[in-house]
Enquirer: 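Below are the structure tokens for one structure; questions will follow.
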Amino acid sequence: TAWFTESLLTELAVALVVRTRRPFWRSRPGRVLLISTIALALFALVLPVLPYAGLFGFVPLPLPLTGAVVGITLAYLGATEVLKWWFYPRRPLLSAAQ
């Protein structure tokens with residue numbers, strides 16, 4: 001359950017980071033992307049406590065583990081932003097003619 005939740009949260013976060021060369025907090029995503037990302041992240045956190053979660057093999061996560069999953073996601077988000085900062089200044093933009 002924790003692995004699924006963490007995987008979904010990190011993939012949603014990375015989608016917001018890699019869509020632009022600018023820092024993700026300085027580049028506002030489109031409305032649909034932002035709303036769907038927030039909705040899916042909330043769903044990922046709530047899914048384990050829903051009545052039929054057991055059908056998928058999910059169990060409710062203890063609060064400390066949920067906090068750890070969110071912390072891992074934030075660390076992953078930070079690492080992705082740092083790597084993006086490192087990568088892009090060394091790679092020139094390709095022109096449309098190339």
Side-chain angles (χ1 to χ4, degrees):
T1 302
W3 173 82
F4 173 83
T5 304
E6 186 272 333
S7 295
L8 184 54
L9 291 176
T10 54
E11 291 308 315
L12 291 167
V14 165
L16 293 176
V17 172
V18 299
R19 68 184 177 73
T20 180
R21 285 183 170 217
R22 298 172 58 192
F24 76 94
W25 61 88
R26 290 192 179 168
S27 177
R28 185 175 173 165
R31 182 180 207 115
V32 173
L33 177 61
L34 183 61
I35 291 171
S36 61
T37 299
I38 291 170
L40 284 170
L42 291 174
F43 181 70
L45 292 170
V46 172
L47 180 63
V49 297
L50 293 177
Y52 297 106
L55 294 174
F56 302 106
F58 294 149
V59 295
L61 295 176
L63 192 57
L65 186 54
T66 301
V69 166
V70 170
I72 290 168
T73 302
L74 292 174
Y76 194 87
L77 185 71
T80 305
E81 190 64 45
V82 167
L83 287 173
K84 184 176 73 171
W85 170 83
W86 175 83
F87 178 81
Y88 279 128
R90 292 159 178 76
R91 309 298 188 277
L93 285 173
L94 294 176
S95 67
Q98 291 181 334

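When a residue number appears, it is its place in the shown sequence, counting from 1.
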Enquirer: How many angstroms lie between CG in L33 and CD1 in I35, if you round to the nearest 0.5 Å?
Expert: 10.0 Å
Enquirer: In terms of hydrophobic clustering (I, L, V, M, F, W, Y; side-chain heavy atoms under 4.5 Å; direct or indirect links), are L50 and L45 co-clustered?
Expert: no
Enquirer: Flag yes if V59 and L55 sit in one hydrophobic cluster, no otherwise; membership is Ile, Leu, Val, Met, Phe, Trp, Tyr, and two members link when side-chain heavy atoms are under 4.5 Å apart.
Expert: no
Enquirer: Would you please test T5 and L47 for side-chain contact (heavy atoms from CB on, under 4.5 Å) and show each step?
Expert: CA-CA 9 Å; T5 304; L47 180 63; over 6 Å; no
Enquirer: Do you know which two heavy atoms are closest between K84 and R21, and how far apart they sit?
Expert: CE-O, 3.9 Å
Enquirer: Backbone N or O of F24 within a donor-acceptor pair of the S27 side chain at under 3.5 Å?
Expert: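 Absent.
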Enquirer: Atom CZ in R28, atom OG1 in T20: separation rounded to 0.5 Å?
Expert: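 If I round to the nearest 0.5 Å, the distance is 14.5 Å.
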Enquirer: Would you say V70 and L16 are hydrophobically clustered, going by side-chain heavy atoms of ILVMFWY under 4.5 Å?
Expert: no
Enquirer: Would you give the length of the straight line joining atom CD1 of I72 to atom CG of L9, rounded to the nearest 0.5 angstrom?
Expert: 10.5 Å
Enquirer: How far does OG of S36 sit from CZ of F43, to the nearest 0.5 angstrom?
Expert: 14.0 Å
Enquirer: Do side-chain atoms of T80 reach the backbone of V14 as a donor and acceptor pair under 3.5 angstrom?
Expert: no
Enquirer: Can you tell which of T37, I38, L77 makes a side-chain contact (heavy atoms from CB on, under 4.5 Å) with L12?
Expert: T37
Enquirer: Closest heavy-atom contact between A2 and L61?
Expert: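 Closest heavy-atom pair between A2 and L61: N-CD2, 3.7 Å.
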Enquirer: Honestly curious: do V49 and L40 fall in one hydrophobic cluster under the side-chain, below-4.5 Å linking rule?
Expert: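 Shared cluster, yes.
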Enquirer: Got a second to check how far E6's CD is from E11's CD, nearest 0.5 Å?
Expert: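 Those atoms lie 8.5 Å apart.
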Enquirer: Do W3 and F56 belong to the same hydrophobic cluster, where Ile, Leu, Val, Met, Phe, Trp and Tyr are linked whenever their side-chain heavy atoms lie under 4.5 Å apart, directly or via other members?
Expert: yes
Enquirer: Between A53 and P48, which heavy-atom pair has the shortest distance, and what is it?
Expert: CB-O, 3.6 Å
Enquirer: Can you find a heavy atom in the side chain of V69 that is under 4.5 Å from one in the side chain of F4?
Expert: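 In short, these two side chains do not touch, never coming nearer than 4.5 Å.
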